[in-house]
Every structure is written in structure tokens, then in C-alpha cells.
Amino acid sequence: MPRPRVHDLDRLLDTAERLVAEDGAVSVRSLASAAGVSNGAIYHAFGSITALLGRVWLRAATDFLDLQSELADAAVSPEDAVVAAADAPAVFAERRPHAARMLLTVDKDQLLGPGLPTELADALFALDKRVVALLVRLSRAMWDRRDAAAVGVMTTCVVDLPTAFFRRELDTSADHRDRLAAAVRAVLAVPLRPKG
């Protein structure tokens, strides 16, 4: 019979998320100290620091994408859906500040490094596909197009502009968010080139 789990895994993930957001990285030793558990308990629960960090990233990114899709789906027009998707980092930061800071400021590839278990690598790849699917869905709703040019403009609105606005300073003030919305609407106002 397996030994009962003594430590709350969500609490370990929360602590790791906070440490990554604050320091850009985390070690087993720093996590064990911050969470009040042994190094062995971390290895027993996750197998490796890479697997633990993969779980931290996967949890945060999944929650973010769920929220972003929910916000876009609740919008009343295609343009409002794009603005809502662009505003998702600010909404997420208000709900989960450490997760938002980690996703916006830490390089995923550098954080996770080699040795990521296959199932986690596959799950992270599936998240990338979800992002593309959202961009295509928004492009189709906005312009009834899903070609590279349309998805490229949507990427500017939903990925590039929010990253630029929030990466330096995670400012969720109404003024900052209004400026982002205005920038997104300005990009959307420029007609797409005809397909061809």
C-alpha cells in the first residue's frame, strides 16, 4: 500500500509559483524551506524539480487560457471579444498575481529546461494549440478569415500588445487597460489586405 501523502500538493505548487514569480526560478531547497517540507517530500510528490515546474506552468497557463476564452465568449461583439481576450492578463493578475507575473515575465523554456516528462511536454504543447485555436476563432468571428494574415493581426492584438503592456509593469489600473483596449481597437480598425 502506498504511503499517504502528507503535504498539500496545491500548496507546494502555490509556493513554487510565488518563488518563480519573485525570483525567476526555484530550487528544491528554496521550495522546501519556503513550504516547510523536506526535499524528499518534493521529490516523492513530483519526481524532479523540472516536473514540478512543468506542473506549476501548466496549471497557471491552463487557468489563464480558460479565463481568456471565458472573457472572449462573454463579449457582445467580435471586436469586444478581441479586446476582452487582450485584457485577460489584467483580469488574471487581479485573481492570481503570482501566476500572472510568472507567465508574463519568466521564459518558459529557460524555466523548464531539459528533462520535462513526456506527458507534461505533451500537455504544454496542447496549450499552445489552444492559443492558436483561440486566435483562429477570433479571426473568423472578426473577419470570417483564418489565413496567416488574419491570425497574425489577431496575434498582435491578443498576444503581442498585452505582453508589451503588462510585461514591464503588471499595471492593472483602468487607465492602463483603457490604453491597451484603444491600441487593440486601433489595430482592428486597419482593414486586412485581401487574401491572395
Smallest separation among heavy atoms of [X] and [Y], with atom names:
{"X": "A181", "Y": "V83", "value": "CB-CG1, 3.7 Å"}
{"X": "A99", "Y": "A60", "value": "CB-CB, 3.9 Å"}
{"X": "L135", "Y": "T155", "value": "CD1-OG1, 3.4 Å"}
{"X": "L192", "Y": "A150", "value": "CD1-CB, 3.8 Å"}
{"X": "S69", "Y": "L134", "value": "OG-CD1, 4.3 Å"}
{"X": "A93", "Y": "T172", "value": "CB-CG2, 3.8 Å"}

Rounded to the nearest 0.5 Å, what's the gap from [atom1] on [X] to [atom2] on [Y]? Could you check?
{"X": "L13", "Y": "L58", "atom1": "CG", "atom2": "CG", "answer": "10.0 Å"}
{"X": "R185", "Y": "C157", "atom1": "CZ", "atom2": "SG", "answer": "10.5 Å"}
{"X": "R29", "Y": "N39", "atom1": "CZ", "atom2": "CG", "answer": "6.5 Å"}
{"X": "L31", "Y": "L12", "atom1": "CG", "atom2": "CG", "answer": "5.5 Å"}
{"X": "L103", "Y": "W57", "atom1": "CG", "atom2": "CH2", "answer": "5.0 Å"}
{"X": "L138", "Y": "M154", "atom1": "CG", "atom2": "CE", "answer": "5.5 Å"}

Quick one: are [X] and [Y] in side-chain contact, heavy atoms under 4.5 Å?
{"X": "I49", "Y": "Y43", "result": "no"}
{"X": "L188", "Y": "W143", "result": "yes"}
{"X": "R95", "Y": "L67", "result": "yes"}
{"X": "T156", "Y": "V184", "result": "no"}
{"X": "P89", "Y": "F64", "result": "yes"}
{"X": "L19", "Y": "T15", "result": "yes"}
{"X": "L161", "Y": "V187", "result": "yes"}
{"X": "Q68", "Y": "F92", "result": "no"}

Worksheet item: Would a distance-only check, ignoring hydrogens and angles, find a side-chain to backbone donor-acceptor pair under 3.5 Å from D107 to D109?
Response: yes
Worksheet item: Is a donor on one side and an acceptor on the other found under 3.5 Å between the side chain of R101 and the backbone of L170?
Response: no
Practice prompt. Could you please spell out the steps behind the salt bridge (charged side-chain N to carboxylate O under 4.0 Å, His left out) verdict for R130 and D66?
Written response: CA-CA 10 Å; R130 277 187 65 191; D66 289 346; 2.9 Å; yes
Would you call [X] and [Y] a salt bridge, using N to O less than 4.0 angstrom?
{"X": "D73", "Y": "R137", "value": "yes"}
{"X": "R140", "Y": "D147", "value": "no"}
{"X": "R96", "Y": "D14", "value": "no"}

Any side-chain donor near an acceptor of the partner, [X] and [Y], under 3.5 Å:
{"X": "D80", "Y": "S77", "result": "yes"}
{"X": "S173", "Y": "D171", "result": "yes"}
{"X": "S33", "Y": "S30", "result": "no"}

Item to complete: Carefully, step by step, assess I42 and L52 under the rule side chain to side chain contact (heavy atoms under 4.5 Å, CB included).
Response: CA-CA 8 Å; I42 294 169; L52 179 143; 3.8 Å; yes
Practice prompt. Apply the test side chain to side chain contact (heavy atoms under 4.5 Å, CB included) to residues R177 and V91: give CA-CA distance (whole Å), side-chain angles for both, the deciding distance (0.1 Å), then the verdict.
Written response: CA-CA 10 Å; R177 292 165 75 176; V91 177; 3.3 Å; yes
Worksheet item: Given E22 and H98, is the side chain to side chain contact (heavy atoms under 4.5 Å, CB included) satisfied, shown in steps?
Response: CA-CA 8 Å; E22 291 172 354; H98 292 121; 4.0 Å; yes
Practice prompt. Evaluate the criterion salt bridge (charged side-chain N to carboxylate O under 4.0 Å, His left out) for residue pair E17 and R59; output intermediate values, then yes/no.
Written response: CA-CA 10 Å; E17 184 176 274; R59 182 182 72 156; 3.3 Å; yes
